[in-house]
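Presented below is the structure to which this report refers.
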Amino acid sequence: MAEGLVQILEGALLAAGEPLSVQRMALLFEEQERPSNDEIRAAIKTVGERCDDRGYELVQVASGFRFQVRQSLSTWVGRLWQERPARYSRALMETLSLIAYRQPITRGEIEEIRGVAVSTNIVKTLMEREWVRVVGHRDVPGRPAMYATTRQFLDYFNLKSLDQLPPLAEIKELDNLSGELALELRDAGQNERSEPDESAEGKAVSSAEAEERGHDEEDAEKQ
Amino acid sequence: MAEGLVQILEGALLAAGEPLSVQRMALLFEEQERPSNDEIRAAIKTVGERCDDRGYELVQVASGFRFQVRQSLSTWVGRLWQERPARYSRALMETLSLIAYRQPITRGEIEEIRGVAVSTNIVKTLMEREWVRVVGHRDVPGRPAMYATTRQFLDYFNLKSLDQLPPLAEIKELDNLSGELALELRDAGQNERSEPDESAEGKAVSSAEAEERGHDEEDAEKQ
Amino acid sequence: MRPEQAEMPFAMVRGEAVTELPKDLYIPPQALEVFLDAFEGPLDLLLYLIRRQNLDILDIDVAQITEQYMRYVELMDAMQFELAAEYLLMAAMLAEIKSRMLLPRAGDVEDEEEDPRANLVRRLQEYERFKKAAEDLEELPRLEREVWQASAAPPDLHLERPLPDIDMREVLLALSEVLRRAEMYASHHIQRESLSTRERMSEVLETLKSGGFVPFVSLFRPEEGRLGVVVTFLALMELIKESLVEIVQTEGFGPIHIKAKSE
């Protein structure tokens, strides 16, 4: 049976054409023959090991496990299709990343950070791709929709969870800016700033400080 | 390269989602690195051999080669697409209950009590389920069939005889409980439904964070 | 009315006009539209100007940046671009910061007043983070671009829709509802009969289904005991009453035969 389980999972994973969760794999079996989740997990491990030198591998993404063609083969496999894979505009990617890192977020909040209006088309595209969905409405006038990313978004970008997104750059603290400014203003009338070396030094200091001070903020960010 | 070729073909065959001809496989390579058709055929042979004890195999069909999940796994793999059991209509449940409690009973009599016509489909469904059978015909114009419940009906509900059905007097009391019961049944129905559907439900949930923040709206969203 | 090339703005770096235009800052007029399209708005343009001059955001010289920014905005205007409100708003904000920085301070002890640049710097930093995040996201291996979902043809399947499961309580609920509707609670008829009688009626009818006469006694099963006999008898009475069966006795004390009425 242990051997059969591995093969059943291999077959199901390939037939499904989409990620399968452990729960869904369990439902391939009738109750009386159903393996435990631990048995399934052990079998999944074997399934993964069995692709060691194959052109595909078993990966885990947000909605479960899937066989996936190895990235190293993309040069060749990509030639199966004439069309280039869809390219998304910077505006779309910026909007998507704001939703990913700042969810739930309203369109107004996105616009505030980006400094420009978010076109309806972008939101529509993101919703149609099922990368983004409305998770509620903010309790402010107009009750704007709040957007969040979906499991499909994670699947599509090969991620298990939002934690796996590349970390956001840290923000340098502004505290020392006012100090610098005071100095600067004392040399009244002088428009030009300090020498390049000096500013580089200031930069180093400020980022070190930021690392220390900005830690809590950063953590909050990740929530 | 021989090894690489096998893996490229494995990857392409799994990514394509349709059979690939030798010609098409050749086009995965730029001219200067393109293997000969014989080399490709040899590699295909290896690809096939490499699935020896896997849940899938390489088969040749009219338009080329494709990976296919082994027929012997169809029992399990088929459950991926198993439709959720439908729910019986209220009309069917009423008809069934009247047949159980008032058997032998004709369709006309059921209609008289229910105050609405009983569709042929309902009777057909109950007969196909082998919960109901015709035990005779009433000697009135049209000679309508008389329906009664079956052994299988009792077995399904784990009853030895109809006597074990709750007496009507209790059902009267049930009426007071019906609100409560209806609720309970709805919950039961929901649990039952959400189980096989878990992955679909999960799809909508992109992250624990979003789920937490947008909980109320989440439910509404799914409607 | 396209501006001449000579009218193109020269970059100002650290207070000095650059005599030679850096290649990457020089924008041929024909390319301006494309150039501006490349920006995601005023913040993006501002960031570009700062980065092109290798300035730290924290270290921006508002005066110079404003000047450069204004030149671009003027250019847009000159090109009769539909000037986006966002660009104008940013220009106004830059002008305001510039003017505040020119004003003398009340005293050098006090500096609780926030640096007028602070808000702009904060916005620029925040925007830059997400600009970077978008770039990082773009780099992630993506389905249908670097990786593909592997799939294979399923075997032949015989899909069956499973039959619905029901709970006895659902049957009862349905019955109580239909009875309530029919207002049949008062019916003695139903209450008097035990279900075993009705069940037996069905059984007797089933036995009689073949159509011929069946000996009355063969319907009784002694192994069921007294109660079973009574139930069968009641079932027969009910069947006769409902004229579902015919009962025949050819002579007094002779054998009784039963036949389904309709068969």
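Please read these numbers as outputs of a predicted model, since none were measured by experiment. In the text below, chain A, chain B and the rest are named by the order of the sequence lines, each starting its count at 1.
For B:F157, the part sitting under 4.5 Å from any heavy atom of chain C is the side chain, from C-beta outward, and nothing else. Heavy atoms of B:L80 lying under 4.5 Å from chain C are absent altogether. In this structure, the portions of B:R114 lying under 4.5 Å from any heavy atom of chain C include both its backbone and its side chain. Interface residue C:Q149: only backbone heavy atoms are found under 4.5 Å from chain B. Contacts between B:I99 and chain C at a heavy-atom distance below 4.5 Å are absent for every atom of the residue. With a 4.5 angstrom heavy-atom cutoff, B:A100 touches chain C only via backbone atoms.
Between the CZ atom in B:R79 and the CG atom in C:L157 there is a gap of 11.5 Å [rounded to 0.5 Å]. Here the straight-line distance linking atom CG of C:L175 with atom CD of B:E94 works out to 8.5 Å at 0.5 Å rounding. In this structure, the separation between OG1 on B:T149 and CZ on C:R198 is 11.0 Å, given to the nearest 0.5 Å. Between atom CZ of residue B:R133 and atom CG of residue C:L205 there is a gap of 9.0 Å, rounded to the nearest 0.5 Å. If you take OG on C:S151 and CG on B:L13, they are separated by 11.0 Å, rounding to the nearest 0.5 Å.
Listed options C:V171, C:L239, C:T207, C:L163 were ranked by heavy-atom pairs under 4.5 angstrom with chain B; first place goes to C:L163.
Residues C:L172 and B:P166 come closest through the heavy atom pair CD1-CG, 3.3 Å. C:L244 approaches B:M146 most closely through the heavy-atom pair CD2-SD, 3.1 Å. Pairing each heavy atom of C:M201 with each of B:P104, the nearest pair is CE-CD, 3.6 Å. Across all non-hydrogen atoms, the minimal contact from B:S97 to C:A174 is OG-C, 4.0 Å.
B:R129 contributes a side-chain N or O that, together with a main-chain N or O of C:P164, makes up a donor-acceptor pair within less than 3.5 Å. In terms of modelled atom types and a separation under 3.5 Å, the side chain of C:E199 and the main chain of B:L162 share a donor-acceptor contact.
In this structure, B:Y156 places its OH atom where more than 12 heavy-atom neighbours from other residues, nucleotides or ligands lie under 6.0 Å away.
Salt bridge status for C:E170 with B:R87: present, with a side-chain N to carboxylate O gap under 4.0 Å.
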